[in-house]
There are 2 protein chains.
Amino acid sequence: MPRAVASALYEKVRKEIMRRVFENEYEVGTPLPSAAKFAEEFGVSNITIKRALRDLQHTGLLRSFPGLGTFVRERRMFIHDLGFPFASFGDAQRLGLKQGVHLLSVTRERIHQSLFSEFETPTEKMHCVRNIISADGTPIMIDTSYLPPSFSNSVGDLGGKLASDALRDHGEHFHTARILVAANPASDEAQKAFAIPNGYPTLRRIYQLTTSNSSLSIFGISESPFDCLACLVELEVSK
Amino acid sequence: MPRAVASALYEKVRKEIMRRVFENEYEVGTPLPSAAKFAEEFGVSNITIKRALRDLQHTGLLRSFPGLGTFVRERRMFIHDLGFPFASFGDAQRLGLKQGVHLLSVTRERIHQSLFSEFETPTEKMHCVRNIISADGTPIMIDTSYLPPSFSNSVGDLGGKLASDALRDHGEHFHTARILVAANPASDEAQKAFAIPNGYPTLRRIYQLTTSNSSLSIFGISESPFDCLACLVELEVSK
DNA sequence: GAGTGGTCTAGACCACCCT
DNA sequence: GGGTGGTCTAGACCACTCC
């Protein structure tokens, strides 16, 4: 049963730098010592330092900019209450934060079955709307919503708002939300949208919203970098 | 606005190997070509190949064993229905899978406040029970439960069972579960317990169980590798 | 002994940012 | 020009597994 390196040089370096960051030994806004400086201090190779720094980027602790240096990453975590399944503008105001919805694309696509294996999804081509949702100016979530073709007469309405709002505009209200919450390495889209590295942990919500109109379901996926968003749920336990 | 490398050699290699795995070009159980073979095939350095393979380990696609080779990682995903907040043996049987609970440690610790910032936790020293939960023989979850000191007369009971079961043994039943679901890079404990690399995405549930006895709350954290467990929740939407 | 992956180094080049 | 991080290479050593 292999694994566990722990004794590696880059691990020692990583843990020491991590400790310093947690002890606030580096000011946010000013760069950490350069890789060359660290290499001299720790008495190890340049490359070993870079390896440690890269690992710390992958866990969200640091962020490097070529030509500028390496910085402590500032975090701002938002809590998404699943009791209000999909933050709409009303919810955002309630939470006291400025929410923005930025349209990425409107296309016609089939639902990616492998992601929705826990759901019964239609196989026909759906309207597919991708939005970036930001809170207080920082992007925190990329949402892909699939709406049935019956929405075709108002596709233009879909941009810049969330599926729940689009539903509302059609006079429909969803009454049940079924949500699969999972962790995942960042998708390609999330990597681009949030400028995060390959493998960066993200939180995914794969959801189905149903309305009183039984033929009308909205499916979707939301993805957020792990350090931007968490979900809260409160449950009365049956028996 | 930096970031985005995509054109890097190791990225091309990574994507090509990833494609081959998804296309089932490599049999599970037999090793992939060695780094040396890949280096020859792609016409790049040994080290560049290793970099790509390492990234693919960090996203859970591959798993390497020194002396043996690199293998496609077999995944088995369990779905945890939050409607039955904490899988007990009864729930496990209902789901038709063999659940195991393996005691790691019983200690007295204070609750780590920074992890429970969304909860109001007691500051006194609590009983702290760590268990590894496995399903069908594979470990899928490490759980840390904090129980109030009033459980002191039966600390011996805490091993090998979950907090909800311990509660039941005391004639108490929880009626509300408050759960914060988040993604995170693997904690040190999870790294050891699941033999996963630094930065591996995990799903965390930070929870509070309350009973009709208002002074009795159980707090806890569960952590699972992202490819082992997801959470499902179904909600009636108020309003 | 041969092959494997993991680590570490020295050295090089690039694109970027600042002065 | 000098500093930064990012990439890539060649070469070495180690611990491991299998034959």
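Just so we're on the same page: letters track the sequence lines, and every chain starts at 1.
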*Given the rule in the side-chain contact (heavy atoms from CB on, under 4.5 Å) test, do Gln57(B) and Ser64(B) qualify, once you have shown the distances and angles that lead to the verdict?*
CA-CA 8 Å; Gln57(B) 289 193 58; Ser64(B) 293; 3.1 Å; yes
Which of dC17(C), dG5(C), dG6(D) is nearest the side chain of Leu68(A)? It is dC17(C)
In whole angstroms, the gap separating P of dG6(C) from CG of Asn198(B) amounts to 14 Å
Residues at least two apart in sequence or cross-chain that pass side-chain hydrogen bond (donor to acceptor under 3.5 Å, both in side chains) with Ser145(A), listed by chain then number, are Asp143(A), Tyr207(A)
Applying side-chain hydrogen bond (donor to acceptor under 3.5 Å, both in side chains) to Arg73(B) and not counting sequence neighbours gives Tyr200(B), Asp227(B)
Report task. Could you walk me through whether Glu223(B) and Glu189(B) pass side-chain contact (heavy atoms from CB on, under 4.5 Å), step by step? Result -> CA-CA 9 Å; Glu223(B) 187 173 3; Glu189(B) 288 148 353; 5.5 Å; no
In terms of heavy-atom contacts, Ala186(B) and Pro197(B) come closest through CB-O, 4.5 Å
For Ser134(A) and Gly137(A) the tightest heavy-atom approach is CB-C, 4.2 Å
key: dT7(C) phosphate, OP1 or OP2, under 4.0 Å from Tyr10(A) side-chain N/O   = yes
Original post:
Looking at Tyr10(B), does the NZ or CZ of Arg51(B) lie under 6.0 angstrom from its six-membered ring centre and within 45 degrees of the ring axis?
Top reply: yes
Whole-Å distance, Arg73(B) CZ to dG5(C) P, equals 17 Å
Between NE2 of His58(B) and C1' of dG6(C) the distance, given in whole Å, is 11 Å
- Task: Respond yes when some side-chain nitrogen or oxygen of Gln57(B) is under 4.0 Å from OP1 or OP2 of dG6(C), and no when none is.
- Result: yes
Between CG of Leu9(A) and P of dC13(D) the distance, given in whole Å, is 17 Å
Between CD of Glu11(B) and C1' of dC8(D) the distance, given in whole Å, is 14 Å
By salt bridge (Lys or Arg N to Asp or Glu O under 4.0 Å), Glu25(B) pairs with (sequence neighbours left out) Arg19(B)
Asp55(A) CG to dC8(C) P, in whole Å, measures 11 Å
Sorted by chain and residue number, the side-chain hydrogen bond (donor to acceptor under 3.5 Å, both in side chains) partners of Glu109(B) (sequence neighbours excluded) come out as Thr107(B), Arg130(B)
Computed from five pairs at either end and rounded to 10 degrees, the angle between the axes of the helix from dG1(C)-dC18(D) to dC18(C)-dG1(D) is 10°
Within residues 30-53 of chain A, the residues having a heavy atom closer than 4.0 Å to DNA chain C are Val44(A), Ser45(A), Ile47(A), Thr48(A), Arg51(A)
